[in-house]
Amino acid sequence: MGDKKKEEVDFVVVGGGTAGAVVAARLSERPDFNVVLLEAGGCEPAFAQVPSFYISDGDVRRLLDWDFKLEPQAEACLGHEDGVCHWPRGKVLGGTSTINGMMYMRGNRWDYDRWEAEGLAGWGWRHVLPYFKKSEDNAELGQKHVDDEYHSRGGYLTVQRFPDQPPLAWDILAGAAELGFRTNVDLNGRNQTGFTVAQANVRDGRRLSLSRAFLHPARDRPNLRVITNAMVVRVSMDGDRARGVVFHRDGALHKLRVRREVVLAAGAIQTPHLLLLSGVGPRRHLEDVGVRVVADCPGVGGNLQNHISFSVDFAVESITPGSNRLDMPAFEQFLSNGTGAMASTGLSQLTGFVHSRFSDGVASGLPDLQVFFEGCIANCSITGLPGEPSHQGGPMPFRMIPVVLRPKSRGEVRLRSRDPTAPPKLTANYLQDRYDVDLLIDGVRFVQRLANTSALRQHGVALVMPETPGGCSELEPDSDAYWECLIRHRTNPENHQCGSARMGPDGDPGAVLDARLQVRGVRGLRVADAAAIPHVVSANLNAAVVMVAERAADFIKQDYPAWGLDRRRPTGSPTGRGRGSLLDSLLSLARSTGDSR
Ligand SMILES: Cc1cc2nc3c(=O)[nH]c(=O)nc-3n(C[C@H](O)[C@H](O)[C@H](O)COP(=O)(O)OP(=O)(O)OC[C@H]3O[C@@H](n4cnc5c(N)ncnc54)[C@H](O)[C@@H]3O)c2cc1C
């Protein structure tokens with residue numbers, strides 16, 4: 001960071017995760033842009049590329065994990081240590097895409113059409129589909145499980161199936177077919193209902209984090225600098241204009257000024273956290289913690305959403321524990337050609353979308369439950385389950401996990417204090433809405449039906465009744481009340497947090513961003529990550545975040561066209577004014593030459 005002049009750049013992107021990698025790479029495609037990406041974590045270690053290690057939720061993943069803790073709550077997470085649920089988030093280049101399950105899912109067209117119907121012009125399914133396609137390099141076009149109309153080749157992000165599936169995955173699909181579901185189909189295509197081995201962000205059998213996908217090809221560009229271990233502590237403001245960032249690195253504070261914009265891509269927890277620390281948020285809250293108010297923006301940190309799920313334990317008699325064990329042959333196979341059990345997430349690559357009795361029915365095309373699976377994964381566990389259960393013999397355990405796709409509970413991100421190193425105060429309010437509980441109970445009933453199909457019964461698949469914590473043991477086993485009690489004790493937050501600095505139309509008091517992702521009431525500040533998403537989509541979130549980031553980069557490129565003229569204009573605009581159309585550029589030229597005709 002040499003002399004003062006050198007410290008000024010066009011754009012600073014805060015956070016090198018899913019969104020930040022995309023935005024920095026796309027902006028630096030423009031040689032006239034000078035871009036710095038600041039990431040709090042370090043570089044991506046080689047082991048993160050091994051697909052079967054992803055769920056080693058113990059020590060391996062924690063090295064790269066912010067590991068946020070939620071506030072205890074009265075109605076959920078009751079059986080967790082101290083009543084506290086955890087949210088893993090990647091603290092590494094690639095962010096959460098470096099520790100996630102890699103599943104490539106986009107959600108339902110209805111999700112995006114709802115955004116548009118609520119006033120977000122330009123965010124309907126027909127508008128966002130080209131952006132999903134833009135980033136995609138689908139290696140399996142033309143195959144049965146890929147509907148070509150919805151996919152494309154040539155983007156930075158390889159999308160394909162893992163090269164290895166445990167046999168039980170195909171048995172589960174056979175069970176789903178017995179229940180009348182379409183199987184082995186594209187659930188990102190025309191129809192979302194059904195079960196399939198999902199495509200994933202994987203290349204040559206290795207995880208393709210967004211950093212590897214987008215930043216690696218851009219690393220030799222002279223106009224892009226990526227600085228790791230750089231923890232941004234606030235956006236520096238000059239009145240209502242974002243002027244740069246202050247970050248912590250190597251034991252010292254540094255300042256970086258921007259000529260154009262600061263782009264926040266620190267994720268659904270830390271983007272609102274940074275906004276609050278920078279004085280953008282609900283006035284009352286900021287005053288309570290002693291932060292000077294720059295913009296009274298009531299929506300910052302609110303509307304925090306996440307999927308909620310519950311793991312139901314099963315065991316399969318015909319598979320012996322240890323059959324998916326990480327052994328030398330598996331290791332050699334992975335190293336030599338990127339195949340085998342290590343190039344796979346076991347049953348986690350399987351998913352399905354179903355309609356509960358609360359949904360509008362199959363004809364609606366809008367499933368309300370997703371089903372995840374867990375087990376048969378080659379890592380250091382004998383059983384292939386995370387956390388290495390003590391189980392050493394007998395039938396092999398695995399899990400089926402119903403997920404509420406559009407939960408009603410909303411949480412929030414708040415400051416504990418104005419100390420930027422203090423973790424934010426996170427409230428999830430899980431299971432406060434009856435709908436979320438009822439849907440999960442219905443999901444438990446669904447997976448019981450799935451386990452009871454002849455395709456699975458023939459392998460000796462059976463429900464394992466869990467140990468009953470708290471007062472659950474007094475309830476009649478397998479009754480709805482019994483499952484509700486377990487759901488409240490063994491609450492399983494998913495990992496799709498979003499909405500905490502959401503977009504919204506003019507006049508919407510909770511809207512933090514306009515439809516071009518600019519922070520309302522502040523100039524030169526945009527959000528490009530999961531925080532911007534107004535409603536959690538009906539599937540895993542990563543692909544939707546990539547799409548949002550692609551759009552953010554395009555908005556910025558449009559706002560600063562490469563005419564060489566706009567450098568003279570004041571940068572950024574709170575409501576999309578000065579959008580950088582050809583007309584704007586010509587007017588700007590006319591003004592600068594004194595010709596106002
Ligand atoms: C265990 C797990 C499994 C998942 N599985 C899937 C899956 O299979 N499929 C799917 O679609 N989605 C999955 N997800 C969700 C998906 O990965 C996330 O929704 C997505 O990565 C979020 O992207 P983001 O850019 O918003 O945030 P992130 O990717 O989390 O990026 C934020 C980045 O900002 C950095 N940062 C934060 N604060 C600062 C600061 N102050 N200064 C500098 N840098 C900062 C962070 O270190 C991080 O690198 C999973 C998530 C988890 C945790």
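Here the structure is a predicted model, which is why all the values come from computation and not from measurement. Throughout, residue positions are numbered sequentially from 1 according to the sequence presented. In each ligand, atom 1 is the first atom listed, and ligand 1 is the first ligand listed.
Near G95, meaning under 4.0 Å from any of its heavy atoms, are these atoms of ligand 1: 29 (O), 48 (C), 49 (O). Heavy-atom contacts of A19 reach the following atoms of ligand 1: 25 (O) (cutoff under 4.0 Å). Close approach of ligand 1 to V232 is summarised as follows: ligand atoms under 4.0 Å from at least one heavy atom of the residue are 40 (C), 41 (N), 42 (N), 43 (C). In summary, the atoms of ligand 1 found under 4.0 Å from a heavy atom of K91, numbered by their order in the structure, are 47 (O). The L38 neighbourhood of ligand 1 comprises atoms 43 (C), 44 (N), with distances under 4.0 Å to a heavy atom of that residue. Atoms of ligand 1 lying under 4.0 Å from any heavy atom of A230, numbered from 1 in the order shown and given with element: 42 (N), 43 (C). Near G267, the atoms of ligand 1 lying under 4.0 angstrom from a non-hydrogen atom of the residue are 26 (O), 27 (O), 32 (C). Those atoms of ligand 1 with a heavy atom of N542 less than 4.0 angstrom away are 10 (C), 11 (O), 12 (N), 16 (C), 17 (O), 20 (C), 21 (O).
Between Y112 and F132, a ring centre-to-centre spacing shorter than 6.0 Å is recorded. Within the 6.0 Å centre-distance limit, the rings of Y156 and F214 are counted as a close aromatic pair. A ring-centre distance under 6.0 Å is found for F11 and F33.
Using a cutoff of 4.0 Å between basic side-chain nitrogens and carboxylate oxygens, D137 and R153 are scored as salt-bridged. With respect to K133 and E136, no salt bridge is recorded, no charged nitrogen being found less than 4.0 Å from a carboxylate O.
When non-hydrogen atoms are compared, ligand 1 lies under 4.0 Å from the side chain of H496 (C-beta onward) but not from its backbone. Only the side chain of Q270 comes within 4.0 Å of ligand 1, judged by heavy-atom distances. Of all the heavy atoms of S97, the ones lying under 4.0 Å from any atom of ligand 1 belong exclusively to the backbone. Using a 4.0 Å cut-off between heavy atoms, V545 contacts ligand 1 through its side chain alone, with no backbone atom that close. Within the 4.0 Å heavy-atom criterion, the part of W66 lying near ligand 1 is the side chain and not the backbone. Within the 4.0 Å heavy-atom criterion, the part of A265 lying near ligand 1 is the backbone and not the side chain. The proximity of V233 to ligand 1, defined as any non-hydrogen pair under 4.0 Å, does not occur for either the backbone or the side chain.
Within 6.0 Å of CZ on R410 lie more than 12 heavy atoms contributed by other residues, nucleotides or ligands.
Note on ligand 1: E39 sits in its first shell, one or more heavy atoms being nearer than 4.0 Å. By the 4.0 Å heavy-atom criterion, G90 is counted among the residues contacting ligand 1. Ligand 1 does not have T271 within reach: every non-hydrogen atom of the residue lies 4.0 Å or more from it.
Among N100, T228, N495, V14, the residue whose heavy atom lies closest to atom 15 (C) of ligand 1 is N495. Residue P88 holds the heavy atom nearest to atom 53 (C) of ligand 1 of all those in A21, S211, P88. Of the listed residues (G17, A40, A531), the one carrying the non-hydrogen atom nearest atom 31 (O) of ligand 1 is G17.
Rounding to the nearest 0.5 Å places CZ of R234 at 8.0 Å from OG of S278.
A donor-acceptor contact closer than 3.5 angstrom is absent between the side chains of S500 and E412.
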